[in-house]
Amino acid sequence: MVRTTVGWQAGPAATLRRTPLKRRELRPDDLAVRVDYCGVCHSDLHALDVHDGAGDAPLVPGHEFTGVVTEVGFEVAGFAVGDPVAVGNIVDSCGECAMCRAGQENFCHAFPTLTYGGADRHDGSTTLGGFSRECVVRDRFAYPLPAGLDPAAAAPLLCAGITVWEPLRALGVGPETRVAVAGLGGLGHLAVKMAVALGADTWVISRSGDKAEDARRLGAHGLLVSADRDRMAAARDSFDVVIDTISAPHDLAPYLRLVAMDGTLSHLGHLGSVTVEMMDLLVGRKKLSSAGSGGRPATAAMLDFCAAHGVGADIEILPSSRVNEALDRLRRNDVRYRFVLDLSDLD
Ligand code: NAP
Ligand code: ZN
């Protein structure tokens with residue numbers, strides 16, 4: 001049994017087309033969610049770039065969305081029709097491995113089921129993301145949206161936000177910490193807001209000075225231009241934590257140089273292979289780390305923190321019919337700082 005909805009599916013040449021989609025009938029622990037807002041993540045671009053519009057499994061991007069519960073499976077206890085919810089980039093996990101038991105479903109040993117481009121654990125079908133009017137998700141991977149969070153500005157918290165939140169917390173960022181955020185985009189601007197809200201002395205590293213005013217408005221103390229060799233040299237060993245959200249392949253050495261003794265470079269952006277000179281870690285006993293997405297407890301805690309501290313994304317809302325324009329502009333770095341699609345035009 002299937003139900004039908006409509007969404008934006010990849011066609012040729014990395015463009016999305018309005019397409020009728022099938023969603024499964026609810027299992028006992030499923031929710032049906034009317035998707036109201038879905039953020040556009042740079043990972044959606046990466047996914048589209050490697051997708052062959054005709055030959056591959058269907059691709060419907062979108063893995064950070066908010067909406068309203070429209071139906072619940074008969075075993076669902078924690079949600080009711082009408083509840084505002086948020087869903088991120090994981091919709092299932094094995095639930096049994098050490099990572100899942102530790103609340104780190106994002107690192108599930110059997111690999112978490114991704115919100116799009118994953119394989120459903122029951123029927124093997126390809127998961128389809130939030131660029132659609134309805135999603136059906138397992139209740140464990142939907143989060144109540146705390147009151148006080150704007151549903152549109154909250155949508156990007158579910159990928160961009162949690163991706164930077166987990167390492168900020170794991171690295172103990174707080175009032176005594178000096179943090180630099182490299183790349184002021186979707187992830188980067190939320191990393192700045194969260195680090196500032198955690199009390200850290202926060203800086204931005206960007207390719208130009210164009211975003212300096214924004215950096216200060218977001219709460220950062222200042223902005224370093226990565227091409228400014230003198231300023232970068234002067235900032236050597238200055239930051240306990242460097243959060244790298246740069247979306248393109250790049251040399252890590254200049255960013256490792258900024259890390260203070262025993263500090264950490266958390267490389268979250270472009271997830272290809274990198275070359276590291278061990279001497280860049282040896283001198284100063286520095287650490288190189290990464291992270292991705294978040295477990296259920298951390299995701300819920302992040303949403304509560306954001307509600308308490310008024311943290312949401314800086315967004316530009318577009319009707320979903322303009323999704324290809326949003327993707328083009330994101331590719332050109334013409335976004336401050338997250339596009340959010342309004343899916344109501346699919347009704
Ligand atoms: P975004 O909004 O496009 O921001 C990326 C930023 O990187 C840009 O704003 C820009 O900052 C900087 N940048 C872009 N091209 C660059 C280049 N050639 N050299 C140096 N800097 C460059 O992207 P996003 O949505 O924040 O995603 C950032 C990256 O994180 C993407 O690669 C995405 O796939 C990845 N990601 C990873 C995870 C994870 O689980 N680890 C989750 C989500 C996303 P400036 O203008 O300030 O220089
Ligand atoms: Zn994402």
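Every number for a ligand or one of its atoms is a count from 1 in the order of the listing.
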Does one hydrophobic cluster hold both [X] and [Y], with members joined at side-chain heavy-atom distances below 4.5 Å?
{"X": "F339", "Y": "I317", "value": "no"}
{"X": "F79", "Y": "V68", "value": "no"}
{"X": "V241", "Y": "L265", "value": "no"}
{"X": "I243", "Y": "W165", "value": "yes"}
{"X": "V87", "Y": "V72", "value": "yes"}

### Task
Please say which of T127, I90, N89 ends up in a side chain to side chain contact (heavy atoms under 4.5 Å, CB included) with T113.
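The single option meeting the side chain to side chain contact (heavy atoms under 4.5 Å, CB included) with T113 is T127.
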### Message
Any nitrogen or oxygen of L268 lying under 3.5 Å from a nitrogen or oxygen in ligand 1? Just yes or no.
### Response
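Yes, L268 has an N/O under 3.5 Å of an N/O on ligand 1.
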### Query
Is there any N or O on L271 that sits under 3.5 Å from an N or O of ligand 1?
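No.
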#### Entry: Which N, O or S atom of H63 lies nearest to the Zn ion (ligand 2), by name
NE2
Close-contact set for ligand 1 against [X] heavy atoms, below 4.0 Å:
{"X": "I246", "result": "7 (O), 20 (C), 21 (N), 22 (C)"}
{"X": "H270", "result": "32 (O)"}
{"X": "S293", "result": "40 (O)"}
{"X": "R338", "result": "24 (P), 25 (O)"}
{"X": "L330", "result": "2 (O), 3 (O)"}
{"X": "G292", "result": "39 (C), 40 (O), 41 (N)"}

Closest protein heavy atom to [atom], given as residue, atom name and distance to 0.1 Å:
{"atom": "atom 38 (C) of ligand 1", "answer": "T163 CG2, 3.7 Å"}
{"atom": "atom 28 (C) of ligand 1", "answer": "T245 O, 3.1 Å"}
{"atom": "atom 23 (O) of ligand 1", "answer": "H42 CB, 3.1 Å"}
{"atom": "atom 18 (N) of ligand 1", "answer": "A248 CB, 3.4 Å"}
{"atom": "atom 30 (O) of ligand 1", "answer": "G269 CA, 3.3 Å"}
{"atom": "atom 47 (O) of ligand 1", "answer": "S206 OG, 2.6 Å"}
{"atom": "atom 4 (O) of ligand 1", "answer": "G185 CA, 3.3 Å"}
{"atom": "atom 33 (C) of ligand 1", "answer": "S43 OG, 3.5 Å"}

Is any side-chain N of the basic residue among [X] and [Y] closer than 4.0 Å to the acidic one's carboxylate O?
{"X": "D237", "Y": "K286", "answer": "yes"}
{"X": "D314", "Y": "R336", "answer": "no"}
{"X": "R217", "Y": "D214", "answer": "yes"}

### Query
Looking only at heavy atoms of C159, does any of them come nearer than 4.0 Å to an atom of ligand 1?
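So C159 counts as touching ligand 1.
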For [X], does the [atom1] atom have more than 12 heavy-atom neighbours from other residues, nucleotides or ligands under 6.0 Å away?
{"X": "E277", "atom1": "CD", "value": "no"}
{"X": "E213", "atom1": "CD", "value": "no"}
{"X": "R169", "atom1": "CZ", "value": "no"}

### Task
Would you sort out whether R138 and D29 count as a salt bridge (charged side-chain N to carboxylate O under 4.0 Å, His left out), showing the intermediate values?
CA-CA 6 Å; R138 194 177 170 197; D29 58 353; 3.1 Å; yes
I need the contact type for [X] against ligand 1. Using non-hydrogen atoms and a strict under-4.0 Å cut-off, is it side chain, backbone, both or neither?
{"X": "H250", "answer": "neither"}
{"X": "L184", "answer": "both"}
{"X": "S226", "answer": "neither"}
{"X": "N333", "answer": "side chain"}
{"X": "A291", "answer": "backbone"}

### Query
Where does the angle between the aromatic ring planes of H250 and H267 fall among parallel (under 30°), tilted (30 to 60°) and perpendicular (over 60°)?
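Answer is tilted, since the angle falls between 30° and 60°.
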### Message
Could you work out, for atom 17 (C) of ligand 1, the closest of R207, H63, R332 by heavy-atom distance?
### Response
R207
### Message
Do R34 and T70 pair up side chain to side chain, a donor and an acceptor below 3.5 Å, judged on atom types alone?
### Response
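Looking only at side-chain atoms, T70 and R34 do not form any donor-acceptor pair under 3.5 Å.
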### Message
Using the Zn ion (ligand 2) as the vertex, how large is the angle between SG of C159 and SG of C41, rounded to 10 degrees?
### Response
130°
